[in-house]
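Everything quoted here is computed from the prediction, not taken from an experiment. Any value given below was found using the heavy atoms of this structure, including those in side chains, with hydrogens, waters and symmetry copies removed.
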Protein chains: 2
Amino acid sequence: MCLAGYALVMAARDLQERIKRLIIDRRLASGAPLPTEPELMEHLGASRNSVREALKGLQAMGIVEIRHGFGTYVGTMSLAPMIEGLAFRTVAGHYRGEDTLLQLVQLREAVETGLVSRLAGRVPEGDLVELDALVDRMEEQAARGGDGIADTDRAFHATLYRGLDNALLGEVMEAFWDAFHRVHTDLGGVPQDPLVTCRQHREIVEAVRSGDAIRAEEAIREHFGNIRARVSTTGTQDPHRCHNERV
Amino acid sequence: MCLAGYALVMAARDLQERIKRLIIDRRLASGAPLPTEPELMEHLGASRNSVREALKGLQAMGIVEIRHGFGTYVGTMSLAPMIEGLAFRTVAGHYRGEDTLLQLVQLREAVETGLVSRLAGRVPEGDLVELDALVDRMEEQAARGGDGIADTDRAFHATLYRGLDNALLGEVMEAFWDAFHRVHTDLGGVPQDPLVTCRQHREIVEAVRSGDAIRAEEAIREHFGNIRARVSTTGTQDPHRCHNERV
DNA sequence: CTAGCTCAGTTGGTTAGAGCAGCTGACTCT
DNA sequence: AGAGTCAGCTGCTCTAACCAACTGAGCTAG
């Protein structure tokens, strides 16, 4: 076996590349089925094992999606793997005494302040209404017991940047939010006061609605100042306390 | 085998998590050696094959680094995998007729304009001198034949944002640059006029040096306007032309 | 004595074949 | 006609063997 003529040496590293090329060349869109493992074995001239290892790598990058007993498909290519990597990197660094969580917040702050100033006065009315509704909902959730606050928070930031009409940008924003949220909860961080968050979200909406770029930027900055303060009070805790879910 | 007591069912998905936890719990820093494959087999109660597939996934996320005949080590956790994923996603989308490359440029533009305004007047003199030198070097390279221009360009953007003293932020900036550059060259994009780039880089340095945030933002925007124009003229070419390197 | 080589032992890379597990669809029995 | 069953895909896991890259101890030649 493995007599593909030119690939007698080196295999795994290139297998991934060849599978990627296969996707490109065949113009396969997300969700399209990939050849089965036996087919890939023959097509690539490699053993089952090598093919599977290559697929595992591609799966980790979100390029491929594997469903047991069903088949292998072109992945959604979402930024989920990036979130995973970013979150792990942050957690690992945190336990080694680095201020990685703060850096992550600063990253979000830098990007969002940069975007919101361009957004001021250019958010469609529909989105503004939706943002209002999201703040309302968070106030309700705060009054009840706090369930679902995180989702509402996430939705707020996602909706805010929808007007940029750049899918990639929106996804990157969401990815950063997800990474931060996962790390913050895994590390048992101090939850924020929902009412403060609501007030700051409200101010962001008003600032954007008014079209005042400076005010909008200031609103975002204050919001993140609040988040930053919480992060700074998060001490290094014992890693075994973070067993709530994954790393 | 596989009689770890509780893990008779389900294996692979958790193997990665367990290896990650091992890194966290042992406070392993980048470059620290991981247990060898046989050791991991015993520790995790899984076969060599499963262990290797898990490691392949972690390697794809940059969490682990595997060196043939040497050992397995904690990875640098750089954003290289993100670049990989982003680049592939952009290329794949491009060939399916989507404007993914333009989106990528817009992403860079949005982030950099947001950052540069905060940077104005706060870049250390040493960095400014270095930036001047980088523009000088690019002018030389342009006069000679163009070799190494891309590296100088990359170094310019990297140096510019070094003053933010946030390693993560710098890496994200570089990652976006890398992804764009790889896609642009793979797609056989129109190379920019180096002299225009030099002039625009010069203007960015001067704007930042003067401390004028508005001017700095304008300079960045003009620079990216130039890049955007080039990208828009990049037609969809045949995928077989992009064999210069990887996908 | 040192420079260089060789060789055994380590580590990861690859292959092979067998059996397990999840899903689908057609076939059969009621 | 409907529900259960079974054969057939699919990917998942294990075992066992051998290949390839690297290290370091020991030997040999200069």
Using whole Å, what does the distance between atom P of nucleotide dA16(C) and atom CG of Asn49(B) come to?
13 Å

Could you check how far CZ of Arg48(A) sits from C1' of dC14(D), rounded to whole Å?
12 Å

Output yes when a side-chain donor or acceptor of Arg182(B) lies under 3.5 Å from a complementary backbone atom of Ala87(B), and no otherwise.
no

In whole angstrom, give the distance that lies between atom CZ of Phe70(A) and atom P of dC23(C).
9 Å

Of Pro38(B) and His68(A), whose closest DNA chain C nucleotide lies nearer the 5' terminus?
Pro38(B)

Whether Arg108(B) engages the ring of Phe224(B) as a cation-pi pair (distance to the six-membered ring centre under 6.0 angstrom, angle to the ring normal within 45°) should be assessed.
no

Pairwise 5' ranking along DNA chain D for Pro35(A) and Gly69(B), keeping only the more 5' one:
Pro35(A)

With rounding to the nearest 0.5 angstrom, report the CD1 to NE2 distance, Ile227(B) to His184(B).
9.0 Å

Rounded to whole angstrom units, what separation is found between the CD atom of Glu65(B) and the P atom of dT11(C)?
18 Å

May I have the distance from Glu42(A) (atom CD) to dT15(C) (atom C1'), rounded to whole angstrom?
17 Å

Closer than 4.0 Å, any side-chain N/O of Arg52(B) to the OP1 or OP2 of dG13(C)?
yes

Just how far, in rounded Å, is P of dG13(C) from CD of Glu37(B)?
6 Å

Checking contacts here: which listed nucleotide (dC12(D), dT14(C), dG12(C)) is nearest the side-chain heavy atoms of Glu53(A)?
dT14(C)

Look at the side chain of Arg67(B) and the base of dG13(C), then say whether one donor and one acceptor between them are separated by less than 3.5 Å.
no

Using OP1 and OP2 only, check whether a side-chain N or O of Ser50(A) sits under 4.0 Å from dG13(C).
no

Tell me if the aromatic rings of His181(B) and His157(B) count as close, with their centers under 6.0 Å from one another.
no

Looking at dA18(C), dG12(C), dT15(C), which one has an atom nearest to any side-chain atom of Ile66(B)?
dG12(C)

Distance, rounded to the nearest Å, where Leu55(A) contributes CG and dT14(C) contributes P
14 Å

Closest to side chain of Thr72(A), choosing from dT24(C), dG11(D), dT13(D)
dG11(D)

Could you state the atom-to-atom distance from CE of Met41(A) to C1' of dG11(D) in whole Å?
13 Å

Check: Met138(B) main-chain N/O paired with Thr152(B) side-chain donor or acceptor under 3.5 Å
no

